[in-house]
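Below: the structure, in structure tokens.
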Amino acid sequence: MTLDTTAEAPVPEEVGRLYDRFVTLTTEAPSSNMHYGYWEGPHDTAPLEVATDQLTDLLVRQLELGPGRRVLDLGCGLGIPTIRLARTTGAEVVGITNSHEQARVARALVEKEGMAHLVTIAHGDATELAAHPSGSFDAVMALESIGHMPDRETVLKSAARVLRPGGRIALTDFFERAPLPADKQEALDAYFTKFMMTWVGQIDAYPGIVRAAGLRLSSLTDISEQTIRRTFQQVPRSVVDNLPKPADVSQLPEMDQFGAVAIGLVDVWELGYLMLVAELPGD
Ligand code: SAH
């Protein structure tokens with residue numbers, strides 16, 4: 001059996017509404033990264049909140065940024081990575097999300113953090129970057145967002161258009177690390193359906209997609225052990241043992257449903273996580 005989900009291709013407006021719901025369902029002020037943690041290795045014992053920043057930093061390092069650079073953050077969530085990128089590099093960043101609620105929260109956070117001189121948040125669709133002239137960015141970051149977008153090649157083409165020659169893109173995505181046993185299929189489908197994602201299949205699919213988008217692949221790395229696997233090790237066993245079956249998840253309160261399908265992947269080590277870095281040729 002191949003790792004193929006029954007999830008339908010996501011519709012951007014619906015993904016936007018899904019993230020609107022997250023914001024309205026979160027009782028405390030929504031202010032966290034919306035991606036997995038990254039730990040260098042067994043010696044790295046950072047707590048999850050630090051490890052999620054470490055994943056941001058890993059991507060940012062790939063982009064070779066500094067003051068005077070302009071970056072596009074595709075699928076910027078609540079703007080936490082967007083602000084961090086600007087603060088650590090001095091680069092100017094435009095964050096784009098297709099959730100109105102996220103854009104509202106992210107803008108407030110930018111103000112609160114005193115970063116409005118470097119960070120702008122826009123509501124929009126990552127596959128339609130018409131507001132941005134060709135070649136207007138030095139770099140693009142897409143941190144755990146491309147899986148929600150209907151077609152990866154289209155996203156990368158639109159990112160390639162706004163990059164200047166020699167500009168870089170860094171992204172993370174899920175992929176099929178190994179064939180999935182039949183008894184894990186339900187958990188995988190529940191996750192991809194609930195979070196409105198499709199996926200790329202095997203990691204080998206990416207070089208062709210990158211080429212078709214007019215980009216040159218710089219690196220493609222399996223970081224599953226440092227990210228998704230270590231993140232799941234943080235989940236207490238008592239939580240894992242009390243997880244409802246995927247078929248029973250719909251009886252939980254709405255916010256708990258997202259947690260349950262996410263934690264439902266705890267033993268699905270066949271689901272991998274990759275980091276890709278590519279460049280627009282012609283510098
Ligand atoms: N990069 C952020 C958020 C990851 S969650 C972080 O790591 O914290 C995925 C993000 O992608 C959400 O903000 C969602 O609104 C955004 N997204 C998904 N599809 C999109 C699309 N078609 N256009 C713009 N943003 C999109």
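First listed ligand is number 1; within each ligand, the first listed atom is number 1.
When the options His35, Gln102, Glu101 are ranked by their closest heavy atom to atom 13 (O) of ligand 1, first place goes to Gln102. Comparing Thr127, Ile146, Asp125 by heavy-atom distance to atom 22 (N) of ligand 1, the nearest is Asp125. For the residues Thr97, Asn98, Asp73, Asn33, the heavy atom positioned nearest atom 19 (N) of ligand 1 is part of Asn98.
Not a single donor-acceptor pair under 3.5 Å links the side chain of Asp73 to the backbone N or O of Val94.
Donor-acceptor pairing under 3.5 Å is recorded for the side chains of Ser134 and Arg161. Between the side chains of Asp44 and Gln226, no donor-acceptor pair is found at a separation under 3.5 Å. Side-chain contact of Tyr273 with Asp222: a donor-acceptor pair under 3.5 Å is absent, judged by distance alone.
Residue contacts with ligand 1 for Glu144 involve N, CA, C or O but no side-chain atom from C-beta outward (heavy atoms, distance under 4.0 Å). By the criterion of a heavy-atom distance under 4.0 Å, the side chain of Pro81, and not its backbone, is placed next to ligand 1. Counting heavy atoms under 4.0 Å from ligand 1, residue Cys76 touches it through the backbone alone. The proximity of Val15 to ligand 1, defined as any non-hydrogen pair under 4.0 Å, is limited to the side chain.
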Exercise for the section: Any chance you could lay out the salt bridge (charged side-chain N to carboxylate O under 4.0 Å, His left out) test for Arg84 and Asp53, step after step, and finish with the verdict? Expected result: CA-CA 8 Å; Arg84 187 169 178 87; Asp53 282 340; 3.5 Å; yes
Practice task
Start with the C-alpha gap between Glu254 and Arg21, add the side-chain angles, then the distance that decides, and say whether salt bridge (charged side-chain N to carboxylate O under 4.0 Å, His left out) holds.
Solution key: CA-CA 9 Å; Glu254 192 179 354; Arg21 283 297 289 156; 2.5 Å; yes
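Polar contact check, Gly77 against ligand 1: a nitrogen or oxygen pair lies under 3.5 Å apart. For ligand 1, none of its N or O atoms has an N or O atom of Pro12 under 3.5 Å away. For ligand 1, the polar-atom distance check finds an N/O of Ala126 within less than 3.5 Å of one of the ligand's N/O atoms.
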